[in-house]
Structures are given as structure tokens and as C-alpha cells.
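First up is the structure itself, then whatever we jot down about it.
Counting from 1, the numbers follow the sequence of the chain as shown. Just so you know, these numbers come straight off a predicted model, no measurement behind them. Counting convention: from 1, in listed order, for ligands and their atoms alike.
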Amino acid sequence: MQSLNEIRSAFLGYFEKNDHLIIPSAPLVPQNDPTLLFVNAGMVPFKNYFTGAETPPSPRAASSQKSVRAGGKHNDLDNVGYTARHHTFFEMLGNFSFGDYFKAGAIEHAWTLLTKEFKIPAEKLCVTVYHTDDEAAELWKKIAGLPDEKIIRIATNDNFWSMGDTGPCGPCSEIFYDHGPHIAGGPPGSPDEDGDRFVEIWNLVFMQFEQFADGTRRDLPKPQIDTGMGLERIAAVLQGVHDNYDIDLFRTLIAASKELVGGGSNGPSHRVIADHL
Ligand code: GLY
């Protein structure tokens, strides 16, 4: 079994081998960005590279960014402890292209890493694209050989990602892993999509715009790539468990929590404590 630490290293190693500069996680409190209280995604420390306000140290980068989602636009607080897949505090694995590769490169890298390096069977995966994004749908067909029924078009904001009320944004394509029919839930876009069966493991954002507070949007200087994969979610897949709280890291934390505060059940309280730790 690959440990969480080994999975993080394998992700970063793959992108380093493919000419990405590995950037250490930034602090959780954003530096020089008053629009957010906490970093909520891997791209936040790179916001100025996307908008063109600063020059990136390399046209390609990758990181494992500590993130908090406990308020604001991306708020998972109420789900924590009750679903198999939500956290307030987690690590987001990401690869970034600052005006270098775009949709084809992002899809190619994601598919190669998941199916060749991590050896996830292709039949366990399906993807979503923004409903008008014919280009991304075609690329999934060409690069991954996915049939039409596994390329699901979504018209909502689930497939149009933005950092917050302002900042870089664009259509996105999400990759889902099917944990199997024994788990309740349906594919993305279905009435049961909120169940834990089909879990979004990786989001590929095709950054094209900058959103301003007055509601206007401008094109970014160049189209760019921002991706985000929850380390704890991919660890659950690769460790053969369906629940994030059953991965090596959380088993250890939950055991420690039970020992210190007592209580034998695997109920939400120990999961919440482990999440916050
Ligand atoms: N920035 C991509 C994501 O948070 O899903």
C-alpha cells in the first residue's frame, strides 16, 4: 500500500520529471491578498501569475498546497464528519501552466498520471466538462478514448471554477472515480450525485478570465491551467478504501483521538477532530 506521503511524492515526482518547478506549500494565511481569509485552493499563491501582475519563476509548476474550506465561496464545513470525502483542512495537489500548455496538455498529464503511473483502471473513471466546451469533450475522446456517455456535460457553476468573488476563473473539467455499486450515489449530473459513490478526484481548470467586484470580466493575458486534486481523496482510491477517514493518516489520528478522549465509535466527532488536526 502506498502511504499518503508516498502518493504526494509520486505526484510531485511525475510533474518534476515533466519540467514543472516544484513549489513548497504557501502558508494558510494568504500573503498580500486581502480578498481571502485562508488559502482555499492550490492556485491562490499563484494568483498574480495568472493575472499577469507578476512573472512566474517557471512556465510550469506543481505543488501540494495546504488549504482550508470553512467559509466563503468554497465552504465544506457542514459536510465534515458526515461524508466520506469532505474536509475543512486538506492538501490540494496541483499542476499549473502559466501560458504554457493548455487543455490538451492538462488532460494528457492527468490521464497519464492516473492510468499509467497510478494504474487506476480507465473504466473506473468518468469526466465532466462545461456544457459549451466542445473542445474539452473532443480532447477527452481523443486522448483518453472515453466514450460519449463518460463525458458528461454540466451547465452549472460546478464546471465553471472561480477562486472567490473576484480573481481568475474559467470553465473546468472534473475527473470522477466510481467507488462501486455498493456505495449510494449516482454519476455527476444525476439526482443522486451528492452520494459518495462517484467522487470527484481532480479538477482541471481552464483559466481564461479575471472576475472583478463590479461584475465585469476580462480575458487573462494568456489561457492558463490550474488543477486541483485532493490528496486525501486520491489516497483513498489508491489505498483501496472508499472513505477518506480510512486512509493511513486519518486512521492514526482517529486512533489517537479515541485514546485521548475515549469513545469507541467511528462517529462524526472523532472524524471532525482528525480533520481539524
Ligand atoms: N482550483 C481548482 C479547484 O480548487 O478545484
Side-chain angles (χ1 to χ4, degrees), residues 8 11-12 15 20 23 25-26 28 30 33 35-51 56 60-77 79-80 83 85-99 101-103 105-107 109-110 113-114 125-130 133 136 152 154 156-177 188 193-194 198-211 220 223-235 237 244:
R8 185 196 298 105
F11 178 92
L12 296 175
F15 283 104
H20 291 64
I23 300 187
S25 177
L28 273 179
D33 185 352
T35 67
L36 286 177
L37 197 54
F38 292 114
V39 170
N40 62 7
M43 57 74 64
V44 170
F46 308 137
K47 180 179 163 183
N48 285 348
Y49 304 153
F50 286 113
T51 61
R60 299 175 176 204
S63 65
S64 184
Q65 174 63 46
K66 294 174 181 63
S67 304
V68 164
R69 290 193 170 179
K73 196 171 187 70
H74 298 281
N75 182 5
D76 291 332
L77 185 62
N79 291 321
V80 172
T83 73
R85 62 186 196 278
H86 285 105
H87 304 281
T88 53
F89 174 58
F90 62 99
E91 277 183 68
M92 187 177 284
L93 303 166
N95 56 295
F96 307 91
S97 156
F98 306 116
Y101 58 83
F102 195 42
K103 292 182 190 182
I107 290 173
H109 279 309
L113 180 62
L114 292 177
L125 300 170
C126 65
V127 302
T128 60
V129 295
Y130 195 51
D133 197 348
I152 301 160
I154 304 280
T156 66
N157 276 351
D158 281 347
N159 277 74
F160 194 94
W161 197 85
S162 41
M163 182 187 131
D165 293 333
T166 59
C169 56
C172 62
S173 181
E174 298 186 317
I175 305 172
F176 286 75
Y177 179 81
E193 65 177 1
D194 287 333
F198 291 84
V199 172
E200 179 215 332
I201 50 171
W202 204 345
N203 187 15
L204 315 182
V205 186
F206 310 129
M207 288 290 196
Q208 279 168 281
F209 310 107
E210 182 174 5
Q211 177 79 43
L220 290 176
Q224 332 221 23
I225 290 298
D226 152 39
T227 83
M229 171 153 70
L231 174 61
E232 299 77 1
R233 289 186 184 187
I234 189 68
V237 170
N244 285 12

| said: Ring centroids only, cut at 6.0 angstrom: are Phe50 and Phe98 within range, meaning strictly under it? | reply: yes
| field | Residues Glu91 and Ser64: side-chain donor-acceptor under 3.5 angstrom | value | yes
Please tabulate protein-ligand N/O pairs under 3.5 Å for ligand 1, atom names and distances to 0.1 Å.
{"unit_1": "ligand 1", "atom_1": "1 (N)", "unit_2": "Asp226", "atom_2": "OD1", "d": "3.4"}
{"unit_1": "ligand 1", "atom_1": "1 (N)", "unit_2": "Asp226", "atom_2": "OD2", "d": "2.8"}
{"unit_1": "ligand 1", "atom_1": "4 (O)", "unit_2": "Arg69", "atom_2": "NH2", "d": "2.9"}
{"unit_1": "ligand 1", "atom_1": "4 (O)", "unit_2": "Trp161", "atom_2": "NE1", "d": "3.3"}
{"unit_1": "ligand 1", "atom_1": "5 (O)", "unit_2": "Asn203", "atom_2": "ND2", "d": "3.0"}

| Of His87, Arg233, Glu232, His86, which meets side chain to side chain donor-acceptor pair (under 3.5 Å) against Asn244? | His87
| message | Quick one: does any side-chain atom of Gln224 pair with a main-chain N or O of Gly99 as donor and acceptor, under 3.5 Å? | response | yes
| task | For the pair Asn159 and Thr128, evaluate side-chain hydrogen bond (donor to acceptor under 3.5 Å, both in side chains) and give the outcome as yes or no after the intermediate values. | result | CA-CA 8 Å; Asn159 277 74; Thr128 60; 2.9 Å; yes
| query | Ring centres of Tyr101 and His20 under 6.0 Å apart? | reply | yes
